Structure formats: structure tokens, C-alpha cells
J.: 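Input: one structure, supplied below.
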Amino acid sequence: MPELPEAETIRRGLAAPLRGRVVRRVRIPRPDLLTQESDRFTSLVEGARFLDVGRRGKNLVFELAAVDENDPHLRMVVNLGMSGGMTLLRADDDSTGPSHPGVVFDLDGEGALIYHDVRRFGRLTVFGSRAFSNWSQALGPEPLDSSFTPSSLADGLSGSRSPIRSWLLDQKRIAGVGNIYANEALFGARIHPRTPANRISADDSRGLHHALQRILRDAIRARGTTLQDYRTALGTPGSYASDLRVYGREGRPCARRCGGTVERLVFSNRSSFFCPRCQPEPSSLN
DNA sequence: CGTGCCCCCTGTCAGC
DNA sequence: TGCTGACAGGGGGCAC
């Protein structure tokens, strides 16, 4: 479900209302969502105060002022997996809340922050400063940061023979790109999804850099892509689905009206969508 | 080390 | 109507 634009949208919806709130109690209907013992998770988070909500790649990063003075700055990292989401429930909200609650953070005064996840592929982890830094360093650059440049992208591509679609999905290489935006960016840059990363020309890697940034920014502006169950923190769908040009469009005419038809190709167990006329297969692949 | 494949889990939809 | 299989936004582990 959620890639960078969806995580960013949820972050924006949560940051202001959460700031300063204290976690009164943690309830864990689905302990398998935690990477730590639930007792340890609970003891770290209960009583802590939300300072801010950040994001790293597809992960939400909740900055917490801890109760324990030894490591006063905790970060709770939430990976949303395929179907995870975060909802802020107000005390006067008489709805039943999300249908698949996984971890519930009761807040001081009123209301609750709820992590919900039908498929339960998501994970929540609490890090101290040191461990967080190590975790973050293992991820690739943020594609919307100024440090991510056409030349840094070209450098990264040059060292790998991976198909470019797989390369883009690898969070150690770039953080935050998932299957939807990888395919959309490759269409934008007219690169076949199976092209080996190290065979992408300098021109094409500049085009890919540009397409990635443009598509991710546009998708954030649209509050993400809702195909089925993704919702913002406010429960509303994102609208970028109507801007998709290849993802999920197998058999439909190419958005460029080139006369081609969008095709679906499966590799690494994931579907890839592309226009065979705009994104010709590199000759030696066959 | 890099890469591809399977699996985790639940829900939805197409086809019969 | 109901069954079955394919497929879904992610990523860890394992074999090669």
C-alpha cells in the first residue's frame, strides 16, 4: 500500500495534532506487529510525549520524549507494510474506529492513535538514538532531498546489474520508492523496467531522476494513490490513482497516444507495467 | 556479495 | 450462490 507519498501524507496529518500529546496507555491486540517484546515496547512508550512526526523512506518516525532519563529521545519507527495505516481517533468520535486495530496508543486527556493493518505485514520498532541512527544509515538516500542528484543516481546505477525496476524497489539504494511509483517513473523516463541498472545512459539517468522527483512530488500533492484501502490520517482517499499512466493499466492504450498498449510483465514476483513502444526492451535482453 | 524466489496474511475479484 | 485461484501498495530469509 503505502510508498513515500502515502507515508508523507499520513505524517502531515498526524504531526500537528500529536505534538505534545502524552501516551497514557498502550494496548496491543496484535503483538506480532512488534519487533520487540510487547512488555518492553509498552514500558518504553507509555508515559512518553510526542515531539514530532518525521519520515524516512516509507517509514513514519515518531519522535518521543521518553520517561527514562538515560536515553531521553526515542523514535518509534512504523513500517506500514502493504495495508498498514494510522488513524487519530478523537474521544468524541463515536465511530467504531478501524476494523483491524493492531496497536492502540491511548492519549492523555482524550482520544487515541491507532495503528491498523489488515494483512499485518507492517512493523513497529522503538529505537534509542544510537540504534535509530544505525537503522537510518542502512537505508538509501531520500529521493526528494537535495543530496539526491542526477550524478548520485548515476553513480548508484553504475554498480548494479539488477533490472532497474528491482533496483528502484531496493530500499538500501533509494528509500521510499515502491512498485507503483517505480513503474510510473520508468514510464516517465521511457526506460524499460528490465533494463540492467548499469546499462542506463547518462541522459536516461538524468531523465529518471527528474521523473522520480516530479512523480513523487505530484503524488504527495494528490495525497497519495488509493487503489483499495489506503487512507490519509483523516480517513480520506488520495487522488493520484487517476494520474497513473501505466500502473494497473494492462491492455489499455498508452497515455502518450503512441499507438502502443500497456503490457504487464511479472518478475521478482511483482507486476511491472510499461508501454512497449515508449519503453523499448534493450536489444540484448530478448 | 548480489540477485531472484518464496513466504508471511487477509481481502477482493474474475471465472466457472 | 459459492468455490477456486490469481493478485495486491512490502520486505525478510534463504539458496545459488
Side-chain angles (χ1 to χ4, degrees), chain A residues 1-11 29-36 55-60 77-86 98-103 115-125 135-136 138-140 143 156-186 193-199 212 215-216 218-220 222-232 237-251 263-273 285:
Chain A
M1 163 209 226
E3 309 182 28
L4 186 155
E6 292 74 32
E8 176 63 19
T9 300
I10 294 171
R11 185 198 73 74
R30 291 293 190 174
D32 55 339
L33 292 166
L34 306 179
T35 63
Q36 295 150 309
R55 180 188 56 75
R56 182 78 173 90
K58 304 171 184 173
N59 304 274
L60 296 169
V77 171
V78 176
N79 183 299
L80 300 160
M82 291 281 263
S83 56
M86 288 287 230
S99 58
H100 295 265
V103 183
Y115 177 77
H116 51 94
D117 191 345
V118 172
R119 295 177 71 183
R120 304 203 305 282
F121 287 167
R123 288 296 178 267
L124 291 77
T125 306
W135 169 82
S136 182
L139 292 177
L157 295 176
S158 69
S160 170
R161 298 186 311 276
S162 268
I164 183 61
R165 202 282 313 263
S166 303
W167 192 96
L168 289 168
L169 294 188
D170 186 344
Q171 301 300 295
K172 295 186 293 302
R173 304 192 186 274
I174 294 197
V177 180
N179 205 26
I180 291 180
Y181 301 112
N183 281 286
E184 291 298 307
L186 291 170
R194 271 196 127 130
T195 309
N198 62 5
R199 290 187 41 207
L212 273 170
I215 285 163
L216 293 172
D218 287 351
I220 290 170
R223 301 176 189 276
T225 300
T226 296
L227 298 177
Q228 301 168 30
D229 49 7
Y230 157 73
R231 293 293 183 277
T232 72
S239 65
Y240 196 77
S242 61
D243 293 311
L244 296 176
R245 299 206 277 170
V246 285
Y247 187 88
R249 298 176 61 83
E250 180 182 18
E263 289 184 9
R264 184 171 76 100
L265 186 64
V266 178
F267 61 98
S268 303
N269 271 350
R270 318 286 302 271
S271 289
S272 197
F273 299 90
L285 280 183

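The shown structure was predicted, so the numbers you read here are calculated from the model rather than taken from an experiment. All chains are named by letter (A, B, ...) in the order of the sequence lines, taking the proteins before the strands, and each is independently numbered beginning at 1.
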J.: Which part of the nucleic acid, if any, lies within reach of A/Arg123 when heavy atoms closer than 4.0 Å are counted: base, sugar-phosphate only, or nothing?
T.: nothing

J.: Could you check whether A/Arg123 and A/Thr35, counting side-chain N and O atoms only, form a donor-acceptor pair closer than 3.5 Å?
T.: no

J.: I need the A/Ile180 CD1 to A/Ile215 CD1 distance, nearest 0.5 Å.
T.: 11.5 Å

J.: Using atom CG of A/Leu168 as one end and atom C1' of C/dG11 as the other, report the distance to the nearest whole Å.
T.: 16 Å

J.: Run the side-chain contact (heavy atoms from CB on, under 4.5 Å) test on A/Val266 and A/Ser271 for me, step by step, so that the C-alpha distance in whole Å, both residues' side-chain angles and the decisive distance to 0.1 Å come before the verdict.
T.: CA-CA 4 Å; A/Val266 178; A/Ser271 289; 4.1 Å; yes

J.: Students often get this wrong, so: under 4.0 angstrom with heavy atoms, is A/Thr35 touching a base, only sugar-phosphate, or nothing?
T.: nothing

J.: At under 4.0 Å, does any side-chain N or O of A/Arg264 touch on OP1 or OP2 of C/dC7?
T.: yes

J.: Report the relative orientation of the aromatic rings in A/Tyr181 and A/Tyr240; use parallel for angles under 30°, tilted for 30 to 60°, perpendicular for over 60°.
T.: tilted

J.: Starting at the 5' end of DNA chain C, what dot-bracket string do you get if Watson-Crick and G-U pairs under 3.5 Å are bracketed, crossing pairs use [ ], other-strand pairs use | and unpaired bases use dots?
T.: .|||||||.|||||||

J.: Between A/Ser160 and A/Arg30, which is nearer to the 5' end of DNA chain B once each is assigned its nearest nucleotide?
T.: A/Ser160

J.: Distance check: side-chain N/O of A/Tyr181 vs OP1/OP2 of C/dG9, anything under 4.0 Å?
T.: no

J.: What pairs with A/Arg173 under salt bridge (Lys or Arg N to Asp or Glu O under 4.0 Å), at least two apart in sequence or on another chain?
T.: A/Asp170

J.: Need one value for A/Gln228: base, sugar-phosphate or nothing, where a base atom within 4.0 Å counts as base even if backbone is also close, heavy atoms only.
T.: base

J.: So how far is it from A/Tyr230 OH to A/Ile10 CD1, rounded to the nearest 0.5 Å?
T.: 5.5 Å

J.: What's the separation between atom CZ in A/Arg194 and atom CZ in A/Arg199, rounded to the nearest 0.5 Å?
T.: 13.0 Å

J.: For A/Leu4 and C/dG10, give me the distance from atom CG to atom P, rounded to whole Å.
T.: 11 Å

J.: Applying a 4.0 Å non-hydrogen cut-off, can you work out what A/Phe267 is touching in the nucleic acid: base, sugar-phosphate, or nothing?
T.: nothing

J.: Does C/dG10 have OP1 or OP2 sitting under 4.0 Å from an N or O in the side chain of A/Lys58?
T.: yes

J.: Does A/Arg270 make a side-chain N or O approach to OP1 or OP2 of C/dC7 shorter than 4.0 Å?
T.: no

J.: Does A/Val246 offer a backbone N or O that forms a donor-acceptor pair with the side chain of A/Glu184 under 3.5 Å?
T.: yes

J.: Would you measure the distance from the P atom in B/dC7 across to the matching atom in C/dG5 and give it in whole Å?
T.: 15 Å

J.: Can you tell me how far P of C/dA8 sits from CD of A/Glu3, to the nearest Å?
T.: 13 Å

J.: Does A/Asp117 pair with A/Arg30 as a salt bridge, N-O distance under 4.0 Å?
T.: no

J.: Reading DNA chain B 5' to 3', which nucleotide is the first, and which the last, to come under 4.0 Å of any heavy atom in chain A?
T.: B/dT3 to B/dG11

J.: Counting any heavy atom closer than 4.0 Å, what does A/Asn269 reach on the DNA or RNA strands: base, sugar-phosphate only, or nothing?
T.: base

J.: Mapping A/Asn79 and A/Ser271 onto DNA chain C by nearest heavy atom, which one lands closer to the 5' end?
T.: A/Ser271

J.: Using the rule for Phe, Tyr, His and the six-membered ring of Trp, do A/Phe121 and C/dG10 stack at under 5.5 Å and under 30°?
T.: yes

J.: In whole angstrom, what separates A/Asp32's CG from C/dG10's P?
T.: 20 Å

J.: Just how far is it from atom CE of A/Met86 to atom OG1 of A/Thr232, taken to the nearest 0.5 Å?
T.: 13.5 Å

